[in-house]
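Each remark here refers to the structure printed beneath this line.
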Amino acid sequence: MNNDGIVLLLEDNIKILDLNRRMLEKEGLMVLVAKTVAEARERIKLAIPDVAVLDIMLPDGSGLDFLSELRKTGGNVPVLFLTAKTERADVLAGLTAGGNDYISKPYDIDEFRARIMGFIRLVNSGKTKPTLSKSASLLSVSELSVALFAVKGMSNKEIADRVYLSESRVKTCLSGVYRKLGIAEEQEKRKLLAERLEI
Amino acid sequence: MLLLVKKMLNIFFGKGLELRIRLFNILACIGFASGLFSGIYGFIISANLNNLLLNLALVIFSASILWYATNSKNYQRCYVITIIIVFFIIFPMVFINLGSYTGGIPMFFVFAVLVTVFMLTGKKMFVFVGMELVLYTSLFLYAYFYPENVSHISNEITIVVDNIVVFLIVSAGLSAAMAAHIHLFDKQNKELEAARKQSEEYAKMKGELFAEMSHEMRTPLTVMSAYAQFAVEQIRVSGANEQTLADLSTISEEAKRLAEMADGTLKILLSSSETAQTNAWEAMPVDAGDLANRLMRLLTPVARRKGKNLTLFIEDGIPEIQGDADELTQLLWNITQNAVTHARSNIEMAVRADGAAITVTLKDDGYGIKPDILPRIFERGVSGGEEKSGIGLSICRDIAIKHGGDISIQNEPGAGVCVSVTLKGKAEL
């Protein structure tokens, strides 16, 4: 699949965050979500995204500051700012500071999706090795994002808090992961998971 | 006795009266006193009966015109009557009978012209002043060409005394008028300046509120447009499912939220613009709890976006305030905006009943106010922040005092600032 990849969404409005996640997951992308700069920092420790979508004004800081952190760890990850129009001056500053594109809110979801997928294709065309291991590609994108936290040994509740899904949804996803990967032994689950996913 | 004097002073020179009226009353009193004085004085030194009668007429006229003006309130008519009787009849008679230009009477002519300019307006003023100039000039010439028809003072000492007396009376009258006028002018200037500053602050508040709210309204609009677009897409692809239905209800929820925000913002924007235009003091029953609640609903998302937490506590049974809702909104807006700007992470507002009074406290956990500024923080032009005008808090205090209360501010032990505003409840006012 040429279209797989990981997207980081940094957005403090849960409704917009949720919609964008669902929209991109339908495209087969794995989505990491963060509502604050602090959470985004945690997410990029987990996996370097292929594309990052950043809001600028966030409760604990600025998307611009996060951009420079991301550049240090994530190199040339394409960054798209999704931000209110009144912050246009900030956006221009952001593009100067190393952002790649911006869309102002209210936004057109077709345009948003098209730009993300454009970046994904660009990133994948330069890739020699697929983003995901063979086992990982068996999983759906939401299963994969839950699994990513599960290998860190987090409880269902902890995972739910990080992916902004309900605990029962996390549980369903995880059992799907274990079933697809053929992991049965309760105590070994998390360790085996890391081995199978090669992460 | 003292009370009677106070009452008299209040009736004739009270602050509620227009400057011309007060001046008129002062002049009438001076006329009364000087008539009394020079009548008796003249009678004692010269036993001149004419002089005594003339002065008695002046006394009676002063008293009756004062009485008529105070009761009828028809001041313009009284001014004209006074000018005709005193300046056109009594002054010429006094001039002819009491030494013409050898005495101090010409000084009264200057006085008459100035007072006429002062009391009358427009064409009427020009006509009367012109007539006075012609009349008084003619009197001088008449006295010169027909000395047998006028009295001349031949005694040097009488001339000196007469001049001194008239000089003192005229200067006292004119200085009092000038002083009152200048004093009033300064006072009105100050009031105008304060009103201008206040409406500037209103405009600033409106601007800030408008900017904040238009930004806040963009969020539900973004949610609505994206969700609607996505729902259309999903229905096209796979028909409506549970998720699509949930997305559609999200749209309607956001629409409601947006309508509430627009409503709240409009209420504040419209009402404050009305106040700024009329600048009128309208005392209406105000529910302070409701006011705080409305403001909080608007400011909470603003604070949250800045990473700060705004909480509100309202005690049960807050008495109503008899006051101006717009001014009180401005007061609360100013102190809350300050707190949101300076807090590190938390701002707590509490509205409590304290007997018949209401106390609003606002605490933040910021860095506090420099101790050298704190005692002067409510003075105009004093501000904790460099870029601020330093007028916001002084207006807050004016509003609080106007509502029978006060405002105080202190650094909290540990960190932050606590602002408390007390306002009088309706029962007390």
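In what follows, chains are A, B, ... by sequence order, proteins preceding strands, each numbered from 1. Note that these values count all heavy atoms, side chains included, but never hydrogens, waters or copies made by symmetry. Because the structure is predicted, anything quoted here is derived from the model rather than measured.
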Indicate yes or no: does A:Arg113 engage B:Glu233 in a salt bridge with an N to O separation below 4.0 Å. yes

Please report the shortest heavy-atom distance between B:Gln229 and A:Ile109, naming the atom on each side. OE1-N, 2.8 Å

State, to 0.1 Å, how close B:Arg218 and A:Pro106 come at their nearest heavy-atom pair, and which atoms those are. CG-CD, 4.1 Å

Residues, nucleotides or ligands: over 12 heavy atoms within 6.0 Å of [X] [atom1]:
{"X": "B:Phe313", "atom1": "CZ", "result": "yes"}
{"X": "A:Arg71", "atom1": "CZ", "result": "yes"}
{"X": "B:Glu242", "atom1": "CD", "result": "no"}
{"X": "B:Asp290", "atom1": "CG", "result": "yes"}

Answer key: most heavy-atom pairs under 4.5 Å with chain B among A:Ile16, A:Asp108, A:Asn13 is A:Asp108

Which atoms of A:Asp110 approach chain B - backbone, side chain, both or neither, heavy atom under 4.5 Å: both

Is there a side-chain contact between [X] and [Y] in this structure, where contact means two heavy atoms from C-beta onward sitting under 4.5 Å apart?
{"X": "B:Asp247", "Y": "A:Arg22", "value": "yes"}
{"X": "B:Phe230", "Y": "A:Lys26", "value": "yes"}
{"X": "B:Tyr227", "Y": "A:Asp18", "value": "yes"}

Enter the distance from A:Leu82:CG to B:Thr222:OG1 here, rounded to the nearest 0.5 Å. 8.0 Å

Working to the nearest 0.5 angstrom, can you tell me the gap between B:Thr219 OG1 and A:Lys15 NZ? 10.5 Å

